[in-house]
Amino acid sequence: LVNPTSSSPPSDSRASWDPWQVLGGARFAVVLLVVWALLASLGTVLPQGRPPEETHRLLGPWAHPVIFLGLDDLYTSPGFLGVLAFLCLNLAISSVRRIRRVRREDRNLKIALSARDLAGISRTVSLPEDLPQACERVEAALRSLGLRARRAQTGTDVSYYAERGRWRIWGSTWAHLGLLLVFLGALVGHWHGWSYGGYLKILEGTTQAVTRGVSGMPTGLSLKLHRFVVVGDETGRPLDFSSDLELLDSEGTTLQRRTIRVNEPLEQGATTFYQAGYGLAGFRIQRTAPQGDVHLWRVETDAQGHVDPWSAVLLPRGSGSAFGVQDLIPQARLEGDQVHPVSNLPLAPAVPVFENPRFHEGSQDFQPLGWLTPGRDLQASDGSTLSFAGMSVYSGIQYRHDPGYPLVVAGFVVATLGLGMAFYIAHRRIRVVLTPSDPGTLCLVSGIPGPPGRDPGDLPSKLTWRLAPAQTPDREAPHAPA
């Protein structure tokens, strides 16, 4: 039962159009969610945050329209951020409206009723005490059932409105506020200048600066890789790869040192460093001349692990042979002169070597010399010996600075609590009216069905049983309106 409110005559819908009603409405929210889902799906298909040359390599002729429309950096585009901003506005307006509605219903709730209001829709219990003592007895029974009661008096009648599980009516509001925090965190995390990310390829023993993505602006942080370890099984399947990283500030002071793995990142404030991969950066071949001179041949590789043509040939000194190499196989199995690739794990490398003994005469004819491995040296025709001197394997570290991440986490927590309140807390309400009678006091108890039409449970039965244990109440009695 609520206090009646004054009604206003109907008016023209166009004249009463309310922009806040539209911006906070469910239809507008559905449209925004559909657009947001389509943009997010497009962002998972198209490469994001890559340099233009890599986008051209991945997409071919489709790269031009993708870059022109800004779809290669979709999550920081004005369109995507605009959808997030309108979602935040929609959730904020709807949350405020929900809070105001709940508070208005609470203010308009009518507590004071008379016995006449519950006549015919309640269970009746005759109490031997007078009215003051009956009130104390009813209040004690309500407290024993975990009900929070509010009391009012109309003439000689005393009425109670009692409830428990009131947190349920705030569940949807909490869920909306949680989603608002999630979308706010996403908006903050993808806003230009507030977030950045990148990918570092670090060799063991080297240090690289952490920059603000493709802009190259310094962040004051740098990473040093002390050791990189790759572990695989006999079939070449990677079991684990980890990096021993040291995070330094702009003055070279150690902030953290930790070994990271996949799903075990290093976190420093709003910046997170992930173990994203590894790859071949190059390898080394040692050439020992017949006179005992040693020369270290460094062969570089590109981003795909292919040999850089500028370092693929070792020119002779004097009248010696020239040597060339092709792409290295990170893990191979040798059977005589046959090599069988196993995997891309840098565990048992093999590289094909070619020799040209007449290079100084202008010949370009390179002939196969054999497969060079860590345990197998090659003897050249000029008397020199080639031995494998090691690989340079980089650790791929992906980093992300996201100041909105704490908001996203807090939003998920709040939304989860709200859903828990909405689905797992039962809101139970009953009304009690005490009226003097001769002799004693007449107690009328009525349950109130919860929204939407939920049965109030057995609270009326429990209360009447506590007040009059010897009396069996009528369980089919109707319920009082809210």
Side-chain angles (χ1 to χ4, degrees), residues 47 50-58 198-209 211 214 223-232 236-238 241-245 262 274-287 294-316 321-334 339-356 364 366 368-378 380 386-399:
R50 306 289 182 89
E53 58 274 10
E54 187 173 354
T55 303
H56 280 281
R57 182 183 63 82
L58 295 173
Y199 188 85
L200 299 177
K201 296 179 179 179
I202 313 178
L203 299 177
E204 284 189 353
T206 64
T207 303
Q208 284 199 29
T211 61
V214 294
L223 275 181
K224 181 178 182 180
L225 177 63
H226 290 273
R227 191 184 181 198
F228 177 69
V229 178
V230 180
V231 179
R237 182 171 60 92
F241 51 99
S242 59
S243 300
D244 181 6
L245 293 177
V262 177
Y274 304 91
Q275 179 69 68
Y278 59 90
L280 182 66
F283 54 92
R284 301 176 297 278
I285 297 176
Q286 180 177 299
R287 177 181 180 270
V294 177
H295 176 73
L296 190 62
W297 177 15
R298 298 180 182 274
V299 181
E300 305 295 333
T301 58
D302 59 17
Q304 286 72 42
H306 303 306
V307 170
D308 183 5
W310 295 99
S311 62
V313 176
L314 178 64
L315 299 178
S321 297
F323 300 94
V325 294
Q326 290 183 347
D327 291 347
L328 175 142
I329 301 176
Q331 185 178 13
R333 184 178 71 255
L334 268 68
V339 174
H340 304 279
V342 177
S343 74
N344 290 324
L345 294 177
L347 300 177
V351 58
V353 180
F354 300 83
E355 181 185 12
N356 185 352
Q364 300 295 323
F366 283 81
L369 181 62
W371 287 90
L372 183 64
T373 67
R376 179 182 180 183
D377 297 342
L378 296 178
L386 299 180
S387 56
F388 193 85
M391 290 184 295
S392 297
V393 180
Y394 69 83
S395 175
I397 306 298
Q398 185 175 5
Y399 61 92

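Partners of D377 by side chain to side chain donor-acceptor pair (under 3.5 Å), not counting sequence neighbours: none found. Partners of R376 under the salt bridge (charged side-chain N to carboxylate O under 4.0 Å, His left out) rule, at least two apart in sequence or in another chain, are D337. Taking the side chain to side chain donor-acceptor pair (under 3.5 Å) definition, one finds that R284 meets it with S392, sequence neighbours left out. Listed by chain and number, the residues in a salt bridge (charged side-chain N to carboxylate O under 4.0 Å, His left out) with D244 are R257 (sequence neighbours excluded). Listed by chain and number, the residues in a salt bridge (charged side-chain N to carboxylate O under 4.0 Å, His left out) with R333 are E335 (sequence neighbours excluded). For Q286, the side chain to side chain contact (heavy atoms under 4.5 Å, CB included) partners are T288, V294, L296, S387, A389, not counting sequence neighbours.
Side-chain contact between E300 and F283 is absent, with no heavy atoms from C-beta onward closer than 4.5 Å. By the 4.5 Å heavy-atom criterion applied to side chains, F366 and F323 are not counted as neighbours. Considering only heavy atoms from C-beta on, Y399 comes within 4.5 Å of T211 through its side chain. Inter-residue side-chain proximity for F241 and V231 is flagged as unmet; no heavy-atom pair is nearer than 4.5 Å. Side-chain contact between I329 and W371 is present, with at least one heavy-atom pair separated by less than 4.5 Å. Using a 4.5 Å cut-off on side-chain heavy atoms (C-beta onward), I397 and I202 make contact. Counting heavy atoms from C-beta outward, L314 and R287 have side chains that approach closer than 4.5 Å. A heavy-atom distance below 4.5 Å is found between the side chains of L372 and F388.
The two atoms that bring Y199 and A276 nearest to each other are CE1-CB, 3.7 Å, heavy atoms only. Listed here is the closest heavy atom pair of G370 and L378: O-CD1, 3.7 Å. What you find for R298 and S311 is that their closest heavy atoms are O-CB, 3.8 Å. For S395 against S243, the heavy-atom pair with the smallest separation is OG-OG, 2.5 Å. Closest heavy-atom contact between A350 and L334: CB-CD1, 4.3 Å.
Listed for the E204 side chain is a donor-acceptor partner under 3.5 Å among the backbone atoms of F228.
Paired with H306 under the rule side-chain contact (heavy atoms from CB on, under 4.5 Å), one option of T301, L280, L328, D327 passes, and it is D327. The only option from V313, V325, V351 that meets the side-chain contact (heavy atoms from CB on, under 4.5 Å) definition with V299 turns out to be V325.
There is a side-chain donor-acceptor pair under 3.5 Å between E355 and S321. Q275 and S242 form no side-chain donor-acceptor contact under 3.5 Å, judged by distance and modelled atom types alone.
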Determine, step by step, whether L386 and L369 satisfy the side chain to side chain contact (heavy atoms under 4.5 Å, CB included) criterion, reporting the C-alpha distance in whole Å, the side-chain angles of both residues, the deciding distance to 0.1 Å, and the verdict.
-> CA-CA 10 Å; L386 299 180; L369 181 62; 4.0 Å; yes

Q326 and F354: side chain to side chain contact (heavy atoms under 4.5 Å, CB included), yes or no, with the steps?
-> CA-CA 8 Å; Q326 290 183 347; F354 300 83; 3.6 Å; yes

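Taken to the nearest 0.5 Å, the NZ atom of K224 stands 13.5 Å off from the CD atom of Q208.
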